[in-house]
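First up is the structure itself, then whatever we jot down about it.
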Amino acid sequence: QVQLVESGGGLVQPGGSLRLSCAASGFPFSRNTMSWYRQAPGKERDMVATITSAGGTINYVDSVKGRFTISRDNAKNTVYLQMNSLKPEDTAVYYCKASVFPGPHHYWGQGTQVTVSS
């Protein structure tokens, strides 16, 4: 059974930092692409960051470049999103996604709320 368990969301003041974690199980984690998406109320779900299986290819949405960092620890079957210099417009539900090959098939975490407010 594929399972993605997220943690690290919460309330933070503007300019603060959070680190999101996504612990994966049920598939060969090290062979698959992992991504973070976010969705704010009334907006579409957008890709925030993506990292390939070996970590050699990383992509970010323009609005988070220089502030967010995606990384993965294949030994721990975990992907991270380090978020620095947070802004109110970063407020959203953040989702972890696994792209499992062959197929690929996509699996989503439950989502974790990030709120940036003073």
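Note that the numbering runs from 1 along the sequence shown for the chain.
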Quick one, [X] and [Y] - any side-chain contact, counting heavy atoms below 4.5 Å?
X     : Y      : result
Ile51 : Tyr60  : no
Arg72 : Ile58  : no
Thr50 : Ile70  : no
Asn32 : Ser99  : no
Leu20 : Thr112 : yes
Val79 : Leu81  : no

ask   = Are Lys87 and Asp90 ion-paired here, with the side-chain N under 4.0 Å from a carboxylate O?
value = no
Closer than 3.5 angstrom, by distance alone: can the side chain of [X] be matched with the main-chain N or O of [Y] as a donor-acceptor pair?
X     : Y      : value
Glu6  : Gly111 : yes
Ser85 : Arg67  : no
Thr91 : Val116 : yes

query = Honestly curious: do Val12 and Val48 fall in one hydrophobic cluster under the side-chain, below-4.5 Å linking rule?
reply = yes
query = Given the rule in the side-chain contact (heavy atoms from CB on, under 4.5 Å) test, do Val61 and Asp46 qualify, once you have shown the distances and angles that lead to the verdict?
reply = CA-CA 8 Å; Val61 66; Asp46 293 325; 5.9 Å; no
query = Under 30°, 30 to 60°, or over 60°: which ring-plane class applies to Tyr95 and Trp108, parallel, tilted or perpendicular?
reply = perpendicular
key: Stepwise side-chain contact (heavy atoms from CB on, under 4.5 Å) check, Phe27 with Leu4   = CA-CA 10 Å; Phe27 68 97; Leu4 304 174; 4.1 Å; yes
task = State, to 0.1 Å, how close Ser117 and Pro14 come at their nearest heavy-atom pair, and which atoms those are.
result = C-CD, 3.6 Å
